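A quick write-up on the structure given underneath.
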Amino acid sequence: MDEFRVTKAITIKDTNTKLVIDDAKKHLKTLRKQLGDLQNTMYAHDKYAVLVCIQGMDTAGKDSLIREVFKDFNVRGVSVHSFKVPTELELGHDYLWRHYLVLPERGKFGIFNRTHYENVLVTRVHPEYILGEKIPDVNRLEDINDEFWDTRFEQINNFEKHIAENGTIIFKFFLHLSEEEQKNRLLRRLNKPNKNWKFSPGDLRERKVWDDYQACYQDAINRTSKPHAPWFIIPADDKPTARYLVAKVLYETLIGYTDIREPELDKDIKENLALYKKQLEQD
């Protein structure tokens, strides 16, 4: 899936949002079963963790993608965390603290629905939010300059490098939605009574700064797509296609780790399997 991996600087307006793969739902059904089996093996292997980071504009399909891609996972092997506005407790710590707390342990998958990248996306579009983080020497908007953002990107890169070097396999997916498709999805939320609860007037305010968000995504992706923590730009106007592509990237990458296998049984146990079976049958 190298066509979706970011390996050099990209211009986000030139990347595709519209891709439709025939029978994507059918292909996903097969892939997610294979991913579930692979996760069981990784759980037994107990040496790698997997962190899946999912970013995208409102209505990009993050929630439904998580539901559909990971449907066949054993619940003990996967956890999902959605990062919203920081709480008072979280604001009492550095901005990465809440993400460290919920990193997946070895053998498990962790999914970040919105991620630590909100700290260079939302806060960059709305820098006034930074003032609530109680950072020394950041007391006014003028203090949030290019040097501030350079430092924050360096911190994020160091965070990912550290966990990757200690056994976490990192995937970062940007669900790339067109502005027109977002408009259509917001209208569907308003037109369907059972979807009204998903709508917020804030969605319309954020649409007014669409170009600002796109510029921030482009900069963040270009600065932080690394071999150990790559970004994948996934066309998201067609939800079934986006889900299938994410599953395919995950599976094709993970099967490349040839050391991931179920542990071998202790020699004495292996030699006596027939005996244990006979004992149970006679019980």
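Just so it is clear, the model here is predicted, and its values are computed rather than measured.
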Contact between [X] and [Y] at the side-chain level, heavy atoms closer than 4.5 Å - yes or no?
X      : Y      : result
Gln214 : His176 : yes
Tyr244 : Asp23  : no
Lys183 : Leu186 : no
Lys195 : Phe199 : no

Testing Phe83, Tyr117, Phe159 one by one against His99 for a ring-ring contact (aromatic ring centres under 6.0 Å, His included), which residue passes?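 Among Phe83, Tyr117, Phe159, the one that satisfies the ring-ring contact (aromatic ring centres under 6.0 Å, His included) with His99 is Phe83.
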Which is it for Phe232 and Phe173 under the ring-ring contact (aromatic ring centres under 6.0 Å, His included) test, yes or no, and what are the steps along the way? CA-CA 5 Å; Phe232 295 86; Phe173 296 103; 5.5 Å; yes
Side chains of [X] and [Y] only: does a donor on one sit below 3.5 Å from an acceptor on the other?
X      : Y      : result
Arg243 : Ser64  : yes
Arg114 : Gln55  : no
Tyr95  : Glu90  : no
Asn157 : Thr224 : no

Assess whether a salt bridge exists between [X] and [Y], defined as any Lys/Arg side-chain N lying under 4.0 Å from an Asp/Glu carboxylate O.
X      : Y      : value
Lys172 : Glu160 : yes
Asp72  : Lys33  : no
Lys47  : Glu105 : no
Asp219 : Arg124 : yes
Lys278 : Glu281 : no
Asp211 : Lys13  : no
Arg106 : Asp46  : no
Glu181 : Arg188 : yes

Ring-plane angle category for Tyr48 and His45, please: parallel below 30°, perpendicular beyond 60°, tilted otherwise.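 Taking His45 first and then Tyr48, their aromatic rings lie parallel (interplane angle under 30°).
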Is there a salt bridge (Lys or Arg N to Asp or Glu O under 4.0 Å) between Lys161 and Glu165 once you walk through the steps? CA-CA 6 Å; Lys161 187 171 187 289; Glu165 289 176 344; 2.6 Å; yes
Distance-minimising heavy-atom pair for Gln39 and Gly107: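 Answer, listing the atom of Gln39 first, then Gly107: NE2-O, 3.2 Å.
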Please determine whether residues Ile170 and Ile111 belong to a single hydrophobic cluster, defined as Ile, Leu, Val, Met, Phe, Trp and Tyr linked transitively by side-chain heavy-atom distances below 4.5 Å.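 They do not share one cluster, since no chain of ILVMFWY contacts under 4.5 Å joins Ile170 to Ile111.
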Walk me through it: do His126 and Glu206 pass the test side-chain hydrogen bond (donor to acceptor under 3.5 Å, both in side chains)? CA-CA 10 Å; His126 302 286; Glu206 292 296 85; 2.9 Å; yes
